[in-house]
A.B. asks: 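Here's a structure for you.
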Amino acid sequence: VQLQASGGGLVQAGGSLRLSCAASGIISSINSMGWYRQAPGKQRERVALIPSVGNTNYADSVKGRFTISRDKNTVYLQMNSLKPEDTAVYYCYLRQFLTDYWGQGTQVTVSS
């Protein structure tokens, strides 16, 4: 399984970015995809998850600003009203067959 993420960049506070992540390889029809992020000096934290069956869930810090969606084996993260504290490396994530897979990470920088 490989995860290829794209869409990071530099944006001013209040702006928007859209991240994409395409999964390839042997992908189960039952899985969960999502995004985590890690800011400098901090632990990696879950941002949003979207299972193939079930409800999406979001970190409290991004509720109402970020929207996760998926189209089969591609997951998207629409990020609006970005804040400087959203600055981090964002990692695409897939879980299937009790195994976690990670993408290479994409940098999101929000300037104040």
Side-chain angles (χ1 to χ4, degrees):
V1 174
Q2 289 189 326
L3 301 174
Q4 183 66 46
S6 62
L10 173 64
V11 65
Q12 288 189 330
S16 298
L17 282 174
R18 188 187 194 216
L19 305 182
S20 301
C21 176
S24 60
I26 300 174
I27 307 298
S28 170
S29 60
I30 305 297
N31 60 48
S32 183
M33 296 189 74
W35 296 91
Y36 283 68
R37 68 185 181 187
Q38 187 166 18
K42 294 188 177 181
Q43 290 188 330
R44 189 174 296 190
E45 63 172 355
R46 175 180 54 81
V47 176
L49 291 176
I50 181 168
S52 54
V53 177
N55 297 321
T56 59
N57 62 82
Y58 297 89
D60 288 343
S61 59
V62 306
K63 283 181 181 177
R65 300 188 298 121
F66 291 11
T67 302
I68 191 170
S69 61
R70 64 185 293 172
D71 178 10
K72 199 173 181 181
N73 296 331
T74 299
V75 63
Y76 306 94
L77 186 68
Q78 178 66 44
M79 305 183 292
N80 298 328
S81 302
L82 282 161
K83 304 175 181 180
E85 51 262 44
D86 294 318
T87 296
V89 177
Y90 283 69
Y91 295 91
C92 179
Y93 165 84
L94 181 146
R95 180 173 177 85
Q96 63 178 19
F97 305 125
L98 301 180
T99 301
D100 296 331
Y101 300 90
W102 298 94
Q104 81 280 15
T106 183
Q107 178 69 46
V108 171
T109 302
V110 184
S111 63
S112 57

A.B. asks: Students often mix this up, so state it plainly: with edges at 30° and 60°, are the rings of Tyr93 and Trp102 parallel, tilted or perpendicular?
C.D. replies: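 Ring orientation of Tyr93 relative to Trp102: tilted.
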
A.B. asks: Which atoms form the tightest heavy-atom contact between Ala39 and Thr87, and what is the distance?
C.D. replies: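 Looks like CB-O, 3.6 Å.
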
A.B. asks: Between Gln104 (side chain) and Ala5 (backbone), is there a donor-acceptor pair under 3.5 Å?
C.D. replies: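 Side chain of Gln104 to backbone of Ala5: a pair is present.
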
A.B. asks: Determine, step by step, whether Leu10 and Val108 satisfy the side chain to side chain contact (heavy atoms under 4.5 Å, CB included) criterion, reporting the C-alpha distance in whole Å, the side-chain angles of both residues, the deciding distance to 0.1 Å, and the verdict.
C.D. replies: CA-CA 6 Å; Leu10 173 64; Val108 171; over 6 Å; no

A.B. asks: To check you understand the geometry: which heavy-atom pair defines the closest contact between Ile30 and Ser52, and what is its length?
C.D. replies: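 What the structure gives for the nearest pair is CA-OG, 3.3 Å.
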
A.B. asks: May I ask whether Ile68 and Met79 are part of the same hydrophobic cluster, defined by side-chain heavy atoms of I, L, V, M, F, W, Y residues being less than 4.5 angstrom apart, directly or through others?
C.D. replies: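 Shared cluster, yes.
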
A.B. asks: What distance separates Ile27 CD1 from Gln2 CD, expressed to the nearest 0.5 Å?
C.D. replies: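 Taking CD1 in Ile27 and CD in Gln2, the distance rounds to 10.0 Å.
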
A.B. asks: Tyr90: which residues meet the ring pair (Phe, Tyr, Trp, His ring centres under 6.0 Å) condition with it, sequence neighbours left out?
C.D. replies: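 Per chain and number, Tyr90 pairs via ring pair (Phe, Tyr, Trp, His ring centres under 6.0 Å) with no residue.
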
A.B. asks: Treat each ILVMFWY residue as a node, draw an edge where side-chain heavy atoms are under 4.5 Å apart, and state whether Leu17 and Val110 are in one component.
C.D. replies: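 Yes, because Leu17 and Val110 connect within a single hydrophobic cluster, where side-chain heavy atoms sit under 4.5 Å apart.
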
A.B. asks: Between Tyr58 and Ala48, which heavy-atom pair has the shortest distance, and what is it?
C.D. replies: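 Result for this residue pair: CD2-CB, 3.6 Å.
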
A.B. asks: Just so I know, are the side chains of Cys92 and Val75 near enough to count as touching, which here means a heavy-atom distance under 4.5 Å?
C.D. replies: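 Result yes, sub-4.5 Å side-chain heavy-atom pair found.
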
A.B. asks: Looking at every non-hydrogen atom in both residues, tell me the closest pair between Leu3 and Tyr101 and how far apart they are.
C.D. replies: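 Heavy atoms of Leu3 and Tyr101 come nearest at CD1-O, 3.5 Å.
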
A.B. asks: State whether the side chain of Gln96 and the backbone N or O of Ser28 hold a donor-acceptor pair below 3.5 Å, judged by distance alone.
C.D. replies: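 Pair found, side chain donor or acceptor close to backbone of Ser28.
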
A.B. asks: For atom CG of Asp100, is the number of surrounding heavy atoms from other residues, nucleotides or ligands below 6.0 Å larger than 12?
C.D. replies: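 Counting neighbours around CG of Asp100, more than 12 heavy atoms of other residues, nucleotides or ligands fall under 6.0 Å, so yes.
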
A.B. asks: So, taking the atom named OG in Ser61 and the one named CD in Glu45, what distance separates them when rounded to the nearest 0.5 Å?
C.D. replies: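 The CD atom of Glu45 is 5.0 Å from OG of Ser61, to the nearest 0.5 Å.
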
A.B. asks: Cationic tip of Arg44 within the cone over Tyr91's six-membered ring, i.e. under 6.0 Å and within 45° of the normal?
C.D. replies: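 Yes, Arg44 lies over the aromatic ring of Tyr91.
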
A.B. asks: If Ile, Leu, Val, Met, Phe, Trp and Tyr residues are connected whenever their side-chain heavy atoms lie under 4.5 Å apart, and connections chain through other members, are Leu82 and Leu77 in the same group?
C.D. replies: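 Linked within one cluster.
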
A.B. asks: Quick one: list whatever passes ring pair (Phe, Tyr, Trp, His ring centres under 6.0 Å) with Phe66, sequence neighbours left out.
C.D. replies: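 For Phe66, no residue satisfies ring pair (Phe, Tyr, Trp, His ring centres under 6.0 Å) once neighbours in sequence are set aside.
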
A.B. asks: Taking Gly8's backbone N and O only, do any of them form a donor-acceptor pair with Thr106's side chain (distance below 3.5 Å, no angle check)?
C.D. replies: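 Answer holds: yes.
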
A.B. asks: Look at Lys63 together with Asp60 and state whether they make a salt bridge at an N to O cut-off of under 4.0 Å.
C.D. replies: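 Judged by the 4.0 Å cut-off on N to carboxylate O distance, Lys63 and Asp60 do form a salt bridge.
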
A.B. asks: Nearest 0.5 Å, please: how far is CG in Asn73 from OG in Ser24?
C.D. replies: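 Going from OG on Ser24 over to CG on Asn73, the span is 9.0 Å.
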
A.B. asks: Looking only at atom types and distance, does a side-chain atom of Ser81 sit under 3.5 Å from a main-chain N or O of Arg65, one as donor and one as acceptor?
C.D. replies: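 Side chain of Ser81 to backbone of Arg65: no pair is present.
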
A.B. asks: Are Val62 and Tyr76 joined in one hydrophobic group, where the rule is that I, L, V, M, F, W and Y side chains link up if heavy atoms are under 4.5 Å apart?
C.D. replies: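 Val62 and Tyr76: separate clusters.
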
A.B. asks: Just wondering, do Ile50 and Asn57 contact through their side chains at under 4.5 Å, heavy atoms?
C.D. replies: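 The answer is no, as the side chains (C-beta and beyond) never meet within the 4.5 Å cut-off.
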
A.B. asks: State, to 0.1 Å, how close Pro84 and Ala13 come at their nearest heavy-atom pair, and which atoms those are.
C.D. replies: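 So the minimum-distance heavy-atom pair works out to CD-CB, 4.1 Å.
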
A.B. asks: Treating Thr99 as the side-chain partner and Phe97 as the backbone partner, does any N or O pair qualify as donor plus acceptor under 3.5 Å?
C.D. replies: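 Yes; at least one donor-acceptor contact below 3.5 Å.
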
A.B. asks: Less than 3.5 Å apart, any donor N or O on the side chain of Gln107 or Thr109 sitting next to an acceptor on the other?
C.D. replies: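 Yes, a side-chain donor-acceptor pair sits under 3.5 Å.
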
A.B. asks: For Glu85, does the CD atom sit with more than 12 other heavy atoms under 6.0 Å from it, leaving out its own atoms?
C.D. replies: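 Atom CD in Glu85 is crowded, with more than 12 foreign heavy atoms closer than 6.0 Å.
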
A.B. asks: Considering all heavy atoms of both residues, which atom of Ala88 and which atom of Arg37 are nearest to each other, and what is their separation?
C.D. replies: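 In terms of heavy atoms, the two residues are closest at CB-CB, 3.8 Å.
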
A.B. asks: Could you check whether any side-chain N or O of Arg70 sits under 3.5 Å from a backbone N or O of Lys72, counting only pairs where one atom can act as donor and the other as acceptor?
C.D. replies: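 Such a contact is found between Arg70 side chain and Lys72 backbone.
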
A.B. asks: Report the residues that fulfil side chain to side chain donor-acceptor pair (under 3.5 Å) with Gln78, sequence neighbours left out, ordered by chain and then residue number.
C.D. replies: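 So Gln78 forms a side chain to side chain donor-acceptor pair (under 3.5 Å) with Asn80.
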
A.B. asks: For the hydrophobic clusters of this structure (ILVMFWY residues joined by side-chain heavy atoms under 4.5 Å, transitively), does one cluster hold both Leu19 and Val89?
C.D. replies: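 No, it is not one cluster - the side chains of Leu19 and Val89 are not joined through contacts under 4.5 Å.
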
